[in-house]
Amino acid sequence: MGDKWVSQSGAFTLGLVTGTIVASTLLSLRWKSSSPDVTSTQHHGETSDNAPLLQNRVHHLPQEIRSEMLSRNSLYFSTSNNTSTDNPTGMSRIETSSVLVVGLGGVGSHTAHMLARAGVRYLRLIDFDQVTLSSLNRHAVATLKDVGLPKATVLSNFLREICPDSDRLVLDPVIKMFTGDKEKDGTMLDDPPGGAWDIVIDAIDDVPTKANLIAHFAKRGVRVISCMGAGGKADPTRVHISDLRSASRDPLATAVRQKLRLMGKQEAKQSGEKITDGSGISNKGWLSCIDDDSRVAVVYSSEKVVAKLASITEEQKEEGLHNFGAVDNMRVRVLPVVGTMPAIMGQTLAAMAVCELGGKPFSPVGAERVGRNVRHRLYQHLKQREKNLEEKLKPMLKSPDSNYTTNGVYIGPIQIDPDDVEYLMAELWRNRCALSGERLGASLELFRWDKTLPAAPNNLVLMCLKASQKFESDFEALGDGRKGVDDEIRRKVDARLATCVLGAEDEY
């Protein structure tokens, strides 16, 4: 035990001394000047006179310091999944890579931050927007003193502090909005000097420009990793990676798919080509990126949106909504965002990009989905059950044009679709009976909880056969099936249903 302790103590002392020497060397190099020289320099994109870029006097990091900075990554990528003998090592591939990041908000700032720390050599950072007070809850590096400055400048200055060597980390900030219009965008998407893009990161939250960016690089065969919606969600266990078509319960993904298909149809109409093979799957061409995660991979959350957009204020109504957007045709209403979600999704983008660059790509596990046949069966059973109840209670309607009976029971069409069935089963009730706890494998069906309200997502409960028979029997005998449910279970069911916010996804 004594020898082991001496050995461990010696190792600790050696590590401490080594770390002190490296830190001292770095500090002496960094602080040869009393303070950094802050100057405005020419960059690929637009510059800002009131937001200068930080240029350290130290332009060279000794190899031993840079190697130590990247030593943990080097260990991870020392052996690559790439078996080709004429390819460089994983870490050297990262250190010679070029990545384009479009969108530097809560998602993109975290992605760019970790790409720089991982050793990526060339980063072009595109964003037209400025840091605001409300963005401080989610931006990776911005602080209070950065409010009002361009996000691209703030991020570049921070990353330059991490690596002051402009040969080992080339930063190309572009303070300009990507629009998809070649005349307006200029050269912002052009290849980096002397090379080509290894990966493009899409962290845009606007549908038209997001679709334009994906289409632009899909047509050129450039790898894109795209982030879908992070607003109104908070559950990290619901974050997945897939192709664009498989991204479920994500309003932004749905809108982007629709926009890309529309763009594809318009181009096909002009060229006379078919865009699908008849099954709905894209027929070769660039539009096949929707189904091919090797071309466009997306990070998305399958969590149902649980918070609505902020309401339009009286001031906005009086002065006109067009006066409140950051730019024309952009969203005016404010997204509710828990800062951890864009950070997690941004880090996920970075992890996937770095591992692919380093030759150690991982294979994402897809989100488990309820089978189509199961969804259809439950949907049709609920629909038929509600129709039977309607026929039975029609004579008791208060009036011919009313949806309520004399004892207050609502009758009318169900207010869900088959996709809602998946959400109700997998996410809200987690494939188990809400009353008995029996899991999928038992015969489970959806039943209306409060018969005075419509069959909507926030009023449907998953029940096994035995529990549902008792529930329906109590409805017949007591006028309310909930009266026969244990008080504690009823409280839990009510609390779970309350988490389902109707109409939130339709706003995104």
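By convention here, the first residue in the shown sequence is residue 1. This structure is a prediction, so every number in the text was calculated from the model and none was measured. Computation of the quantities below employed the complete heavy-atom set of this structure, encompassing side-chain atoms and omitting hydrogens, waters and symmetry-equivalent molecules.
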Query raised in the report: Does Thr348 reach the main-chain N or O of Ile344 with its side chain, forming a donor-acceptor pair under 3.5 Å?
Result: yes

Query raised in the report: Where the side chain of Asp127 meets the backbone of Ala152, is there a donor-acceptor pair that is under 3.5 Å apart?
Result: no

Report summary line: So CZ of Arg249 and OG of Ser302: to nearest 0.5 Å the spacing works out to 5.0 Å

Query raised in the report: Can you check whether Lys151's main-chain N or O pairs, donor with acceptor, with Asp129's side chain at less than 3.5 Å?
Result: no

Query raised in the report: Among Val222, Ile225, Val101, Val296, whose side-chain contact (heavy atoms from CB on, under 4.5 Å) with Val200 holds?
Result: Val222

Query raised in the report: Say you draw a straight line from SG of Cys500 to CG of Leu460; how long is it, rounded to the nearest 0.5 Å?
Result: 9.0 Å

Requested in this report: With rounding to the nearest 0.5 Å, note down the distance linking CG in Asp494 to CG in Asn458.
Outcome: 11.0 Å

Query raised in the report: Would you say Arg257's side chain and Ile290's backbone share a donor-acceptor pair under 3.5 angstrom?
Result: no

Query raised in the report: Does the Ser135 side chain pair with the main chain of His139, one donor and one acceptor, at a distance under 3.5 Å?
Result: no

Query - Side-chain heavy-atom pair Glu356, Met352 within 4.5 angstrom cut-off - result: yes

Query - Working for side chain to side chain contact (heavy atoms under 4.5 Å, CB included), residues Val102 and Asp202 - result: CA-CA 5 Å; Val102 186; Asp202 161 36; 5.5 Å; no

Query raised in the report: Any idea how Tyr300 and His240 line up, ring-wise: parallel (<30°), tilted (30 to 60°), or perpendicular (>60°)?
Result: tilted

Requested in this report: Could you tell me which non-hydrogen atom of Tyr410 sits nearest to which non-hydrogen atom of Gln415, and how far apart they are?
Outcome: OH-NE2, 3.8 Å

Query raised in the report: Looking only at heavy atoms, what is the nearest atom pair of Ser242 and Ala247, with distance?
Result: OG-N, 3.7 Å

Query raised in the report: Will you find, in the side chains of Ser288 and Asp291, an N or O donor that is under 3.5 Å from an N or O acceptor?
Result: no

Query raised in the report: Side chains of Arg117 and His113: donor-acceptor distance under 3.5 Å anywhere?
Result: yes

Requested in this report: Side-chain contact test, heavy atoms from C-beta onward, threshold under 4.5 Å: evaluate it for Lys210 versus Ser226 and give yes or no.
Outcome: yes

Requested in this report: For Met341 and Ala230, work out which heavy atoms get closest and say how close.
Outcome: CG-O, 3.5 Å

Query raised in the report: Does a side-chain heavy-atom distance below 4.5 Å link Leu428 with Lys304?
Result: no

Report task. State, to 0.1 Å, how close Leu389 and Ile411 come at their nearest heavy-atom pair, and which atoms those are. Result -> O-CG2, 4.5 Å

Query raised in the report: Is Ile416 close to Tyr423 at the side-chain level, that is, under 4.5 Å between some pair of heavy atoms?
Result: no

Query - Check: Arg295 side chain, Ala218 main-chain N or O, donor-acceptor pair, under 3.5 Å - result: yes

Report task. Please report the C-alpha distance between Arg377 and Glu445 in whole Å, then the side-chain angles of each, then the deciding distance to 0.1 Å, and finally whether the salt bridge (charged side-chain N to carboxylate O under 4.0 Å, His left out) criterion is met. Result -> CA-CA 9 Å; Arg377 175 176 59 81; Glu445 297 283 354; 3.3 Å; yes

Query raised in the report: Would you say Val141 and Val154 make side-chain contact, with heavy atoms under 4.5 Å?
Result: yes

Query raised in the report: What is the minimum heavy-atom distance between Val493 and Val461, and which atoms define it?
Result: CG1-CG2, 3.7 Å

Report summary line: In terms of heavy-atom contacts, Cys227 and Leu252 come closest through O-CD2, 4.4 Å

Query - Heavy-atom donor-acceptor pair, Trp197 side chain to Leu189 backbone, under 3.5 Å - result: yes

Query raised in the report: Is the backbone of Met188 close enough, under 3.5 Å, to the side chain of Arg124 for a donor and an acceptor to pair up by distance?
Result: yes

**Report entry** Pairwise side-chain contact, Val299 with Val239, heavy-atom cut-off 4.5 Å (strictly under)
**Finding:** yes

Query - Main-chain N/O of Lys233 paired to Glu303 side chain as donor or acceptor, under 3.5 Å - result: no

**Report entry** Check: Lys470 side chain, Gly484 main-chain N or O, donor-acceptor pair, under 3.5 Å
**Finding:** yes

